[in-house]
Amino acid sequence: MKQVYMETFGCQMNVADSDRMELLLFHSGYARTQVAEDADLILVNTCSIREKAEHKVFSLFGSFRPLKEANPDLILGLAGCLAQQEQDRLLRRIPDLDMIIGPDVIEDIGLALDQVLAQKTPVVWTKFDQHKQYSIPELQSIKNQGPSAFVNIIKGCDKLCSFCVVPFTRGREKSREPEEIYQEVRQLVAAGAKEIILLGQNVNAYGKHGLKNPLAFHDLLYGVADLPGVERLRFTTSHPMDFTRDLIRAFRDLGPLMNHLHLPVQSGNNRILEMMRRHHTVEYYVDLIEELKSTVPGVALSTDIIVGFPGETRSEFEDTLNLMERIGYSNSYIFAYSPRPNTPALEFEDNVPDAEKSDRLQATIDLQHRLSRQNGQRFMGKTVEVLVEGRSARQGARFKGRNPEYWMVLFSGEEESLKPGQIVPVQVDEVLGHALKGHAIAQ
Ligand code: SAH
Ligand code: F3S
């Protein structure tokens with residue numbers, strides 16, 4: 001077999017896409033290698049959500065140049081959102097590139113590779129058909145499934161937040177037929193998965209477009225939770241505008257649906273939220289969270305935050321800190337605003353100086369550290385249920401896994417009795433940033 005070396009940047013959708021490409025490539029005669037020097041094909045799955053993500057990709061391809069010089073048959077491929085967005089610029093900046101494949105057409109990777117072998121000029125495979133049904137054909141699995149598995153349920157995004165490039169790189173929302181989703185889940189469970197994470201840019205919009213028979217997102221959750229062997233269920237990401245009362249009820253009713261919600265808010269200021277085109281207010285968001293907290297006691301919350309959006313004043317920024325404190329997030333993904341091609345926010349002047357952006361970024365990170373530490377205290381001395389994922393590299397803690405609230409738990413225990421995929425009770429002895437440390441309790 002030939003060998004493929006892959007690297008993945010960006011979101012969980014990209015991680016899932018890379019897994020899928022690995023499987024498709026296997027069927028085209030490529031086995032995965034961890035050594036770039038051994039590869040016949042190097043494939044980098046890219047992200048274009050912020051400018052920094054792009055820079056990393058260019059320097060990575062720079063490091064592949066000697067390999068291509070030593071072996072002109074080596075195929076260099078670039079996939080993902082950057083591929084979709086920046087085709088011409090990529091071909092200019094990376095002259096060695098043989099193939100560009102967009103995130104919406106990864107099913108064609110075998111065909112695109114055939115074309116690379118048939119023609120001298122680089123292959124650009126990015127055209128997508130908005131009318132085609134969203135389907136991920138079943139393939140025989142090649143690797144043992146880990147305890148936690150991603151399942152794509154919807155692609156694209158119609159929300160058009162003013163700062164975001166995703167609707168341009170991944171197209172409009174389209175849902176996958178529920179039967180196909182259930183079938184994939186059954187297959188994953190049969191291969192060893194205990195936890196299913198439903199994936200999409202905006203999973204709450206599931207069922208609005210592309211299904212033969214309409215089905216709401218919460219109905220899909222009830223359906224998946226009902227499948228035998230699904231011990232844990234999660235989903236990401238949600239948009240507050242599509243977050244329904246029915247979904248709050250699903251958290252209350254469904255045993256496998258874990259006690260954690262990632263609900264991006266982006267800003268704690270109404271003027272900025274409006275400029276971001278998030279279509280809701282701070283008050284709306286807080287009401288939603290209050291209702292969720294009262295229906296699902298102890299639910300853990302995490303979010304995405306952007307600091308330094310065009311025109312954001314210091315006091316508007318402080319509104320974000322206040323909101324974070326009020327909600328008490330257990331974790332946040334915090335970003336400095338980065339202007340992206342094609343997005344409406346480009347019309348607004350990116351006028352927050354870089355130094356000020358960094359300062360706001362640091363203040364937000366510091367606050368989140370404090371909130372995480374405070375949040376973690378509620379687990380101190382308690383027993384938490386951990387889905388064992390495997391070994392941890394950290395000293396003094398030999399295993400790792402997550403509790404229902406999605407905290408990483410590092411713990412010691414008897415080697416023989418702890419296997420990936422088991423759910424075990426762990427007593428928490430220490431809170432480390434956004435992780436817990438403890439020891440497994442003999443059962
Ligand atoms: N679909 C998700 C988010 C997708 S992008 C949602 O519903 O919000 C992941 C995160 O990257 C976003 O939530 C946002 O916080 C951040 N992000 C997106 N575009 C950005 C930009 N231009 N600059 C800085 N951060 C950005
Ligand atoms: Fe991007 Fe907003 Fe959709 S952040 S992915 S346009 S919900």
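Counting starts at 1 for both ligands and their atoms, in listed order.
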inquiry  = Any nitrogen or oxygen of T237 lying under 3.5 Å from a nitrogen or oxygen in ligand 1? Just yes or no.
reply    = no
query = Nearest protein heavy atom to atom 5 (S) of ligand 1, by residue and atom, and its distance?
reply = I49 CD1, 3.5 Å
query = Contact between S238 and ligand 1, counting heavy atoms under 4.0 Å?
reply = yes
key: Nearest-contact summary for atom 23 (N) of ligand 1 - protein heavy atom, Å   = S338 N, 3.0 Å
query = Heavy atoms, side chains only, cut-off 4.5 Å: are P178 and L211 in contact?
reply = yes
task = Using salt bridge (charged side-chain N to carboxylate O under 4.0 Å, His left out) as the criterion, point out the one residue from R172, K174, K155, R170 that pairs with D104.
result = K155
request  = Could you tell me whether a side-chain N or O of E173 sits under 3.5 Å from a main-chain N or O of D158, the two making a donor and an acceptor?
outcome  = yes
key: Element-labelled atoms of ligand 1 that are located less than 4.0 Å from some non-hydrogen atom of I306   = 14 (C), 15 (O), 17 (N), 25 (N), 26 (C)
message = I'd like to know if A336 contacts ligand 1, where contact means a heavy-atom distance under 4.0 Å to any ligand atom.
response = yes
message = Within the structure, is a non-hydrogen atom of E51 found at a distance of less than 4.0 Å from ligand 1?
response = no
request  = Give a yes or no on whether C157 keeps an N, O or S atom under 2.8 Å from atom 3 (Fe) of ligand 2.
outcome  = yes
remark   = Here the atoms of ligand 2 under 4.0 Å from any heavy atom belonging to Q201 are 5 (S)
Charged N-O contact under 4.0 Å between E107 and K132 = no
request  = Considering the heavy atoms of C164, write down every atom of ligand 2 situated less than 4.0 Å from one of them.
outcome  = 1 (Fe), 4 (S), 5 (S), 6 (S)
Region of M276 that comes within reach of ligand 1 [heavy atoms, distance under 4.0 Å] = neither
query = atom 2 (Fe) of ligand 2: which protein heavy atom is closest, and how many Å away?
reply = C161 SG, 2.3 Å
query = Would a 4.5 Å heavy-atom cut-off, applied to side chains only, mark V44 and L60 as touching?
reply = yes
query = What about D304: any of its N or O atoms under 3.5 Å from an N or O on ligand 1?
reply = yes
key: Protein heavy atom at shortest distance from atom 4 (C) of ligand 1   = Q201 OE1, 3.5 Å
request  = Mark up the atoms of ligand 2 that fall under 4.0 Å of a heavy atom belonging to R278, in ascending order.
outcome  = 2 (Fe), 4 (S), 7 (S)
key: Test item: V189 and L227 side chains (from C-beta on) under 4.5 Å apart, heavy atoms   = no
key: N/O separation below 3.5 Å, Q266 to ligand 1   = yes
message = Side chains of R232 and I423, heavy atoms from C-beta outward: is any pair under 4.5 Å?
response = yes
ask   = Looking only at atom types and distance, does a side-chain atom of S372 sit under 3.5 Å from a main-chain N or O of S330, one as donor and one as acceptor?
value = yes
message = Looking only at the side chains, is there a donor atom on one of N375 and H434 sitting less than 3.5 Å from an acceptor on the other?
response = no
ask   = Got L111 and W125 here, is their nearest side-chain heavy-atom distance under 4.5 Å?
value = yes
ask   = In terms of atom number and element, which parts of ligand 1 are under 4.0 angstrom from non-hydrogen atoms of R278?
value = 8 (O)
message = Could you check whether any side-chain heavy atom of Y337 comes within less than 4.5 Å of a side-chain heavy atom of V352, counting everything from C-beta outward?
response = no
ask   = By number and element, which atoms of ligand 1 are closer than 4.0 Å to a non-hydrogen atom of Y337?
value = 23 (N), 24 (C)
R314 charged N/C atom sitting above F317 aromatic ring, 6.0 Å / 45° = no
query = How does K159 reach ligand 1, by side chain, by backbone, by both or by neither, if only non-hydrogen atoms under 4.0 Å count?
reply = neither
ask   = Does V166 have a non-hydrogen atom less than 4.0 Å from ligand 1?
value = no
task = With heavy atoms of F163 as the reference, note each atom of ligand 2 found under 4.0 Å away.
result = 4 (S)
request  = Return a yes/no value for R340: is any of its N or O atoms, backbone included, closer than 3.5 angstrom to an N or O of ligand 1?
outcome  = no
ask   = With respect to atom 17 (N) of ligand 1, which of M13, M241, R50 exhibits the smallest heavy-atom separation?
value = R50
ask   = Distance-only, no hydrogens or angles: does the Y206 side chain make a donor-acceptor pair with backbone N or O of R176 under 3.5 Å?
value = yes
Numbered atoms and elements of ligand 2 in range of H239, under 4.0 angstrom, heavy atoms = 7 (S)
query = Going by the atom numbers of ligand 2, which of them fall below 4.0 Å from some non-hydrogen atom of P167?
reply = 6 (S)
message = Below the 3.5 angstrom mark, is there an N/O of F163, backbone or side chain, next to an N/O of ligand 1?
response = yes
query = What atoms of ligand 1 come closer than 4.0 angstrom to any heavy atom of P264?
reply = 6 (C), 8 (O)
Cation-pi check, R93 onto F58 ring (under 6.0 Å, within 45° of axis) = yes
inquiry  = Test your reading of the model: is there a side-chain donor-acceptor pair from D98 to the backbone of G77, 3.5 Å cut-off?
reply    = no
message = Out of all atoms in ligand 2, which are within 4.0 Å of some heavy atom of L160? Include the element for each.
response = 6 (S)
task = For the pair Y222 and H218, name the ring-plane relationship: parallel under 30°, tilted 30 to 60°, perpendicular over 60°.
result = perpendicular
